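Residues take their numbers from the sequence shown, with the count starting at 1. Just the heavy atoms: all of them, side chains too, but no hydrogens, waters or symmetry mates, feed the values below. Computed from a predicted structure; not experimentally measured.
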Amino acid sequence: MKIKIAELQNYGDSRGESYAIPKDAFDFVGHVADIYLAATDSGAIRGNHFHLRKRQAIMILPGTTWSFHWDEGEGTPAQHRSFDGSSAVLVLLSPGVSQAVRNDGATPLWLVTCSSEPYDPTEVVARKVV
């Protein structure tokens, strides 16, 4: 598996929404060496790169419309999927898969990423998919 995209179940109640990263995401990542939290402003793009060794589980939080763009490796076509922001979405990424998250909405888009390797800029390779 190079990429997996799944909407997460909302376990919320009268207090509000609640989402959990499922066990299979942690099994995919293995040892979590880095956790990253980021907001992406309206119209902005995060990504357009791939990692040489890092496996990632990215949880995009609900709130605004957005799109995910990716390829499955060097020489493969770019693909994309759009989301209405009504629920949290989990994306599992293998090394070599270029990816980008674009905020297509009017408010900030929040994401949390768990990675198998610590951040190392020498392990990040630019490859535009959007």
Indicate yes or no: at least one non-hydrogen side-chain atom of [X] is less than 4.5 angstrom from one of [Y].
X      : Y      : answer
His51  : Val124 : yes
Leu90  : Ile58  : no
Asp120 : Pro118 : no
His69  : Gln79  : no
Phe83  : Thr65  : no
Glu7   : Ser87  : yes

Mark yes or no for whether [X], through its side chain, and [Y], through its backbone, hold a donor-acceptor pair below 3.5 Å.
X      : Y      : answer
Asp71  : Gly75  : no
Asp104 : Ser67  : yes
Ser98  : Arg127 : yes

Next item on the list: Go through the structure and list residues passing side-chain contact (heavy atoms from CB on, under 4.5 Å) with Ile3, not counting sequence neighbours.
Entry: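 Residues passing side-chain contact (heavy atoms from CB on, under 4.5 Å) with Ile3: Ile5, Phe68, Trp70, Glu72, Val91, Leu93.
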Note to self: Going by side-chain contact (heavy atoms from CB on, under 4.5 Å), name the residues that satisfy it together with Lys128, two or more places apart in sequence or in a different chain.
What the structure shows: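 Per chain and number, Lys128 pairs via side-chain contact (heavy atoms from CB on, under 4.5 Å) with Asn48.
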Once you round to the nearest 0.5 Å, how far does [atom1] of [X] lie from [atom2] of [Y]?
X     : Y      : atom1 : atom2 : result
Ser94 : Lys2   : OG    : NZ    : 8.0 Å
Leu61 : Leu109 : CG    : CG    : 8.0 Å
Ile21 : Leu8   : CD1   : CG    : 8.0 Å

In a table with atom names and distances, give each donor-acceptor pair under 3.5 Å that connects a side chain of residues 31-42 to protein atoms at least two apart or in another chain.
residue : atom : partner : partner atom : Å
Tyr36   : OH   : Arg46   : NH1          : 3.3
Thr40   : OG1  : Arg46   : NE           : 2.9
Ser42   : OG   : Gly105  : O            : 2.5

Next item on the list: Could I get the full list of side-chain hydrogen bond (donor to acceptor under 3.5 Å, both in side chains) partners for Ser18, not counting sequence neighbours?
Entry: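 With neighbours one apart ignored, the set is empty.
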Check: Who passes side-chain hydrogen bond (donor to acceptor under 3.5 Å, both in side chains) against Asp24, sequence neighbours left out?
Finding: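 Checked Asp24 against side-chain hydrogen bond (donor to acceptor under 3.5 Å, both in side chains); matches are Lys4.
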Check: Ion pair present between Arg55 and Glu117, side-chain N to carboxylate O less than 4.0 angstrom?
Finding: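 Result for this pair is no, no salt bridge flagged.
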Margin query: Walk me through whether His80 and Val130 qualify under side-chain contact (heavy atoms from CB on, under 4.5 Å).
Written below: CA-CA 9 Å; His80 77 279; Val130 63; over 6 Å; no
Item checked: Val129 versus Ala78, closest heavy-atom pair with distance ->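 Here Val129 and Ala78 meet closest at O-CB, 3.8 Å.
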Notebook entry, point to check: Of the non-hydrogen atoms in Gln56 and Val29, which two are nearest, and what is the gap between them?
Noted result: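 Heavy atoms of Gln56 and Val29 come nearest at C-CG2, 4.0 Å.
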Check: Got a sec, which residues hit salt bridge (charged side-chain N to carboxylate O under 4.0 Å, His left out) with Glu123, two or more places apart in sequence or on another chain?
Finding: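 Arg53.
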